[in-house]
Amino acid sequence: MNENFHKSMAWLHTWTGVLIGSVLFAIFWMGSLSVFDRELDRWMQPGTRLETSATPVSLDRVVAPVAHALAAGSTQWGVNLPTERAPHMRFFYRDAQGKTITRAIDPHTGQLIADQGSKAGTGFIFPFHFSLHIQWLDLGHWIVGAAGMAMLVLLVCGVVIHRKIFVDFFLFRPRKRLQRASLDLHNLTGVLALPFHFVATLSGLIIFMGIYFPQSHVGAYGAGTLARDQFNLEASGGFKRAKANRPGTQASLDAMLAEAERQWPGGKAFLVRVWHPGDANGYVEVRRSYAKDVTMHLDRLTFDVQTGAVLHRFQAAPVMTVQRFISGMHFIQFDHWGLRWLYFCAGLSGCVMITTGFLFWLEARRASHLKKGLVGVRVVEALTVGSVTGIVTATLAFLVANRLLPPGASVAGQDRAALEMWVFYLVWLATFVHAAWRRASPATQPARRAWQEQCVAIAVLALAAVLLNGLTTGDHLLKTLARGYWPVAGVDLVLLLGAGLAWWSGQRIGQTSARRGPQAEARALHQAAMEEGVCGG
Amino acid sequence: MADGLLAALAILVSYLGFALLALSQERHWCAVCGMGAGARMPPTWRASAGLLLQGLALLLAVCAQGPSFGGLLWMVTVSAAAMAVAFTLAWRPTWLRPLARVGERRGRQNVGQKRL
Amino acid sequence: MRMKDLVRSPRLALCLRLVAAVPGGYAMAAAAVAVCAGVLAHAGMARSEAVVLSAMMGFVFYLLWLLWAFGVRSLWRLWGVLLGGLAAGTALLPLMPQGA
């Protein structure tokens with residue numbers, strides 16, 4: 001292969017990695033956690049820790065009264081039906097200002113569940129993954145999109161520059177020095193999980209093709225909002241009927257639901273939405289569940305609210321179905337615990353890939369930057385520590401705050417859910433400050449103290465989270481294991497495993513620093529003294 | 001139950017396949033069998049067998065869970081199995097010694113022919 | 001000669017390459033997606049299908065462009081293809097038959 005091309009690709013891989021690595025770690029970390037976002041919801045919102053109901057819930061008896069009480073004058077209301085991973089019903093409606101309000105209903109009792117005051121997994125962790133919670137001008141989406149494209153570039157040029165890709169396929173030498181071991185692990189996690197990394201990244205971009213290529217319809221439909229709406233209608237379906245502005249009755253929702261499930265082979269519904277409730281021209285939309293398929297169907301049936309007659313059927317066309325299959329490969333909304341755990345591990349392997357990439361870059365450049373008096377390594381090292389152990393620490397602080405904040409807490413106009421997020425961001429910021437303060441000393445060695453102390457923080461916070469869950473909710477690990485309540489037991493177990501891993505890592509980092517030996521220590525100290533200009537000769 | 005077992009079998013088959021693939025490389029062969037294994041080159045049939053076993057794993061996954069879930073499962077388990085082999089080689093290479101002995105006699109016969 | 005000397009400055013050369021690769025490539029990809037969708041729709045594919053297919057391919061196109069933009073030696077060639085492509089896209093787009 002052309003040497004110049006190889007050099008260009010190596011340059012591209014290095015620079016893209018160093019510049020975007022922090023954002024990519026955040027995306028991979030939050031993405032891995034999002035695999036279990038609903039389980040995190042159960043952990044962080046104890047009021048929703050319900051058993052899955054074996055009998056289907058009656059919409060007419062349970063939901064209609066709630067709708068009548070809360071959403072009387074609303075333009076639309078609907079309900080997400082209970083599933084294995086989300087055992088409560090999620091009732092939503094549009095208020096007078098057009099905002100969507102969501103409330104949880106216990107399907108066993110029909111009672112509203114109190115607002116848990118937490119955004120939890122589906123409200124904070126998951127949106128962080130695809131939009132970094134930066135809503136201004138949709139900037140968060142665009143940063144994630146750019147990071148996604150950068151990831152694809154990194155993967156391809158990573159493979160191109162990996163000359164001995166087959167010879168080194170299984171190579172991992174953990175006992176070698178840090179630079180060698182990091183590169184081995186970086187190559188391992190990069191190459192062996194390459195199908196996952198590539199598919200996850202490309203599918204993630206494809207999910208948001210409407211945002212990233214907003215003008216894609218211009219050639220086929222023309223420009224303007226009408227053209228865009230027409231495209232959306234033809235691609236994703238939809239049914240609109242104007243209000244009649246006279247009152248009407250509501251036929252049995254349960255009957256409509258049964259009819260929909262009858263028409264879909266082996267299908268269940270996941271959503272029922274009433275448009276123009278109370279109006280004679282109202283209609284009921286039922287969406288088909290994709291818990292048993294990879295493809296996230298757009299299948300919907302629309303019924304007349306007064307007669308229950310089918311008004312409209314929609315099914316995505318073939319190419320759109322492919323887009324929904326690709327999206328489904330990323331979203332993994334289906335019920336499959338084996339795949340769910342494998343995706344979690346694969347996502348974490350991506351986090352390891354990014355971290356080891358940084359570690360390799362830092363060790364490879366440490367000596368030369370020191371000699372040339374460049375700050376690159378110092379800056380990137382502080383950013384790396386904050387981006388890796390920092391964001392993990394912040395996430396755990398988020399969980400601990402969830403258990404410690406009293407219900408209804410409010411500070412300076414920020415409600416409880418917002419306060420939890422403030423804890424996340426403030427702790428994350430603190431980890432960067434800590435990393436900058438605990439910079440490498442001596443400068444010829446990695447910033448072991450920064451890494452070690454943050455590892456200890458992770459271990460302590462993870463353990464605290466498990467203990468606090470037991471103390472504040474009474475669902476301690478022994479109880480959830482005995483009862484077989486896996487969402488909460490699973491989170492507690494992973495937290496304990498993480499705590500153990502972080503503690504062990506902290507110990508190892510500390511030991512390596514002690515094991516360096518007197519000669520190496522003296523050499524390092526001499527180097528550091530020279531750096532500080534205090535030279536003895 | 002049956003598809004759970006078939007899926008587990010698929011993972012095992014994939015792991016064995018990658019182990020064989022690794023054993024077809026001199027460095028890993030020496031790590032597993034000890035340097036005293038001599039300058040004996042590992043036979044090349046292991047590489048082909050390793051790849052074939054990946055194909056078998058795909059077949060098993062698809063039989064167990066259908067084309068879409070099976071294909072997806074295979075894509076992710078193949079990575080997990082390969083990494084498991086890499087970690088076995090890094091920390092407990094001797095665990096693969098029984099696998100290295102598989103087809104050993106055939107290998108010894110081939111060595112004579114290979115030394116050209 | 002002046003132009004060549006200008007481009008010899010490595011920092012400027014890098015800037016030009018970055019602009020052609022990242023925003024330039026995005027513009028190319030967006031234009032290619034719109035034109036491709038129009039062409040496919042004209043060739044008989046259902047309009048919404050054509051748009052979805054082109055948009056999905058758009059990411060792959062952008063990836064290939066990024067790799068080529070950083071790999072190609074000649075900056076002149078890079079900018080030539082970029083400007084030519086954008087010109088072609090702008091010229092073709094109004095020609096697409098639109099509407100039902």
Side-chain angles (χ1 to χ4, degrees), chain A residues 35 164-176 180-181 184-200 203 290-296 321-322 324-326 328-332 334-350 352-353, chain B residues 3-11 14-15 17-32 42 44 46-47 50-51 54 58 60-62 64-93 96 99:
Chain A
V35 166
K164 296 189 292 168
I165 193 166
F166 291 117
V167 172
D168 291 354
F169 204 71
F170 298 103
L171 186 62
F172 178 39
R173 294 164 289 189
R175 293 182 194 87
K176 289 260 179 174
R180 185 75 253 171
D184 278 355
L185 194 54
H186 180 71
N187 292 341
L188 206 74
T189 45
V191 173
L192 296 184
L194 192 63
F196 170 80
H197 296 319
F198 197 88
V199 168
S203 60
Y290 28 81
K292 298 272 175 281
D293 298 291
V294 178
T295 310
M296 303 204 302
T321 306
V322 169
R324 299 298 291 183
F325 178 86
I326 294 174
M329 283 204 287
H330 191 105
F331 265 101
I332 59 166
F334 43 75
D335 293 337
H336 194 309
W337 289 105
L339 265 175
R340 197 161 289 283
W341 278 102
L342 282 167
Y343 264 69
F344 180 64
C345 295
L348 290 179
S349 81
V352 171
M353 173 178 65
Chain B
D3 0 309
L5 283 173
L6 269 179
L9 192 62
I11 299 168
S14 182
Y15 179 87
F18 278 120
L20 280 175
L21 202 60
L23 286 171
S24 77
Q25 296 180 323
E26 190 170 359
R27 161 184 243 128
H28 300 303
W29 175 268
C30 289
V32 171
T44 52
R46 289 183 205 277
L51 289 172
Q54 302 313 321
L58 173 59
L60 286 169
V62 170
Q65 316 238 311
S68 43
F69 280 109
L72 204 53
L73 189 67
W74 180 78
M75 182 184 85
V76 200
T77 53
V78 144
S79 298
M83 269 197 247
V85 169
F87 291 142
T88 315
L89 287 167
W91 284 305
R92 294 281 184 274
L96 294 177
L99 189 64

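First the proteins, then the strands, lettered A, B, ... as listed; each starts at 1.
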Not counting sequence neighbours, which residues clear side-chain contact (heavy atoms from CB on, under 4.5 Å) with B/Ser79? List them please. A/Ala193, A/Pro195

If you check every heavy atom in residues 168-175 of chain A against those of chain B, which residues fall under 4.5 Å? A/Phe169, A/Phe170, A/Leu171, A/Phe172, A/Arg173, A/Pro174, A/Arg175

Can you say whether B/Ala22 sits under 4.5 Å from chain A via the side chain, the backbone, both, or neither, judging by heavy atoms? both

Side chain, backbone, both or neither: which part of B/Phe87 has a non-hydrogen atom closer than 4.5 Å to chain A? side chain

Which one wins on heavy-atom pair count under 4.5 Å against chain B: A/Asp293, A/Leu194, A/Thr295, A/Val191? A/Asp293

Greatest number of heavy atom pairs closer than 4.5 Å to chain A - which of B/Ala7, B/Ser68, B/Ala80: B/Ser68

Candidate pair B/Leu73 and A/Leu342, rule side chain to side chain contact (heavy atoms under 4.5 Å, CB included), full reasoning: CA-CA 8 Å; B/Leu73 189 67; A/Leu342 282 167; 3.9 Å; yes

Quick check on A/Ile332 against chain B: is it the side chain, the backbone, both or neither that has a heavy atom closer than 4.5 Å? neither

Chain B contact via A/Lys292 - side chain, backbone, both or neither, heavy atoms under 4.5 Å: backbone

May I ask you to test the A/Phe334-B/Leu72 pair for a side-chain heavy-atom distance under 4.5 Å? yes

Shortest non-hydrogen separation from B/Met83 to A/Thr189 and the atoms involved: SD-CG2, 4.2 Å

